[in-house]
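Structure first, commentary second.
Here is the naming used below: chain letters follow the sequence lines, and residue numbers restart at 1 for every chain.
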Protein chains: 2
Amino acid sequence: MNDRADIQLTVDVVIFTVRAESLRVLLVRRGVPPFEGAWAIPGGFVLENEPLAEAARRELAEETGASDVYLEQLYTFGAPERDPRGRVVTVAYFALVPPDRLDIRAGSDAAEAAWFDVARVPELAFDHAEVLDAALRRLRGKVGYSEVGFELLPERFTLSELQAVFETILGRPLDKRNFRRKVKLLEVLVEHDEWERQGASRPARLYSFARDRFETLEERETLFPFW
Amino acid sequence: MNDRADIQLTVDVVIFTVRAESLRVLLVRRGVPPFEGAWAIPGGFVLENEPLAEAARRELAEETGASDVYLEQLYTFGAPERDPRGRVVTVAYFALVPPDRLDIRAGSDAAEAAWFDVARVPELAFDHAEVLDAALRRLRGKVGYSEVGFELLPERFTLSELQAVFETILGRPLDKRNFRRKVKLLEVLVEHDEWERQGASRPARLYSFARDRFETLEERETLFPFW
DNA sequence: GCAAAAGTGTTCAGCTTACACCCATGG
DNA sequence: CCATGGGTGTAAGCTGAACACTTTTGC
């Protein structure tokens, strides 16, 4: 009468960053069967007495050295046949890592890891194609009414960089003037008297993201209009 | 070196229905410790070789007799101390059951179960207050751009009934004329030559929900505007 | 002085909102 | 005939989209 399944629980973390105007995801190459040699989303088993989000942060730190970045639970995948070794249910998370938070050294000690443009991802192990797809849909769905667009940038950034992130996530160009007007209207950016110069062009003003102001915005639910 | 946690996996299902213009949730009274005598969200262990959604549907059918209703994975709760008996991670789902799909007999054989107005829910066992809160936020958040508002109604319904469901979920009144115009603009309702008469008033036309038309709408992502 | 990217307003269309009266029926 | 809920259109304000030129710098 006790047919509780003997289940192993893992967390997988879809780790995104932005580089050279492309959205990238971190994948690791599997060194052991099953799917030996295939690319996979980094993940691992949940430890005793470890909260799920903490397991995800541990995974994230092991692979990237990054901590204190945006992390969100995505979905739980539990098809019985998703892992040929047995019943393994995985709680998938996704993380947004600004380029300046990446620790180059991290992850290099363990398995091979590499960043892939999300438009050019190889075949993935397990049901990880589905996991990645869910993460991308979530990210794209939320960019319009949440902070995720801001969480991929370094501490200081230009409005053009911000716009490039939005365009990268959405996969389409945005109008520069409209974009700037709307962002400023949100009142979540702090304007600095610092300027980024790059090559032979006019320097761009640097901004930073005021996370606290965004949170008060959310409560007003101005961003969730009734259709 | 193998510190994989010995974890029990359950599914909990937040079951909503609408009755008398109030949004209700099904709760069961616990007959055994821990939290003996407290009200809880129905749930149970995942079986060997059972997909998570199937476990949720099984739970749902046991409690309500309903099948083929709207079911969506909500969130996975895994705080180590959430169940005093040990490490129990739960994958929470929520279900929307139209009143005509409820089987009165179901659930009566087992534990005591009852419907509660979501605004008048008693103290709940475990972290179920948090689970219910997440379900309500998800439901309210999605009513404006998804089909959830349509999934709580019987096969045939009037526009006033539909509006009442939206108002119940959102917790605020909507303008009748605007509501009707927008719903008709969506083109997801089938108009029938049947009329509901109730008491001393003009009969109301009956409609049904064309789920397939809604799905093609979703792909057009007209409903997900960029801010 | 020219190439390159930064920065800046206005107009128009479409959508959202607010709002009040007549209609069909049962009792 | 009256009480009850069903059903319908229009005007005003607001929001989103389209669009082009000037500025600052490095070379």
- So, does D175(B) use its side chain to make a donor-acceptor pair with the main chain of N178(B) at under 3.5 Å? yes
- Item | Results of salt bridge (Lys or Arg N to Asp or Glu O under 4.0 Å) for E161(B) - residues two or more places apart only | none
- Partner set under side-chain contact (heavy atoms from CB on, under 4.5 Å) for R58(B), not counting sequence neighbours: L47(B), E50(B), A55(B), E62(B)
- Item | Whole angstrom value for the distance that separates P of dG6(D) from CG of D175(B) | 14 Å
- Rounded interatomic separation in angstrom, taking OH from Y145(B) and P from dC15(C): 21 Å
- Query: When the distance from NZ of K182(A) to P of dC14(D) is rounded to whole Å, what number comes out?
  - Reply: 18 Å
- Query: Which residues pass the salt bridge (Lys or Arg N to Asp or Glu O under 4.0 Å) test with K142(A), sequence neighbours left out?
  - Reply: E72(A)
- Set of residues satisfying ring-ring contact (aromatic ring centres under 6.0 Å, His included) with respect to F126(A), sequence neighbours excluded: F35(A), H128(A)
- Message: If you take any heavy atom closer than 4.0 Å to DNA chain D, which residues from residues 152-163 of chain A end up in contact?
- Response: none
Taking only distance into account, with no hydrogens and no angle test, what donor-acceptor pairs under 3.5 Å do side-chain atoms of residues 150-157 of chain A form with protein atoms, sequence neighbours excluded?
from    : atom 1 : to      : atom 2 : distance (Å)
E151(A) : OE1    : R211(A) : NH2    : 2.8
E151(A) : OE2    : R211(A) : NE     : 2.9
E151(A) : OE2    : R211(A) : NH2    : 3.4
R156(A) : NH1    : H192(A) : ND1    : 3.2
R156(A) : NH1    : E194(A) : OE2    : 2.3

- Task: Please identify each residue that fulfils salt bridge (Lys or Arg N to Asp or Glu O under 4.0 Å) with D193(B), with sequence neighbours left out.
- Result: R205(B)
- Closest listed nucleotide, where the reference is the side chain of R180(B) and the choices are dT17(C), dA18(D), dT8(D): dT8(D)
- With a non-hydrogen cut-off below 4.0 angstrom, is R205(A) in contact with a base, only sugar-phosphate, or nothing? sugar-phosphate
- Applying side-chain contact (heavy atoms from CB on, under 4.5 Å) to A134(B) and not counting sequence neighbours gives L74(B), F77(B), R137(B)
- Expressed in angstrom and rounded to an integer, what is the separation of R181(A) atom CZ from dT8(C) atom P? 12 Å
Under 3.5 Å donor-acceptor pairs involving side-chain atoms of residues 116-123 of chain A, not counting sequence neighbours:
from    : atom 1 : to      : atom 2 : distance (Å)
D117(A) : OD1    : A119(A) : N      : 2.8
D117(A) : OD2    : S22(A)  : OG     : 3.4

If you restrict it to nitrogen or oxygen atoms, what contacts under 3.5 Å exist between nucleotides 20-22 of chain C and the protein, and what is each distance?
from    : atom 1 : to      : atom 2 : distance (Å)
dA20(C) : N1     : R177(B) : NH1    : 3.2

- Task: For A164(A), enumerate each residue passing the side-chain contact (heavy atoms from CB on, under 4.5 Å) test, keeping only those at least two apart in sequence or located in another chain.
- Result: E21(A)
- Query: Looking just at side-chain N and O atoms, do S146(A) and R138(A) make a donor-acceptor pair shorter than 3.5 Å?
  - Reply: no
- Which of residues 192-201 of chain A have a heavy atom under 4.0 Å from DNA chain D? G199(A), A200(A), S201(A)
- Note on the structure: Whole-Å distance, N178(B) CG to dG7(D) C1', equals 14 Å
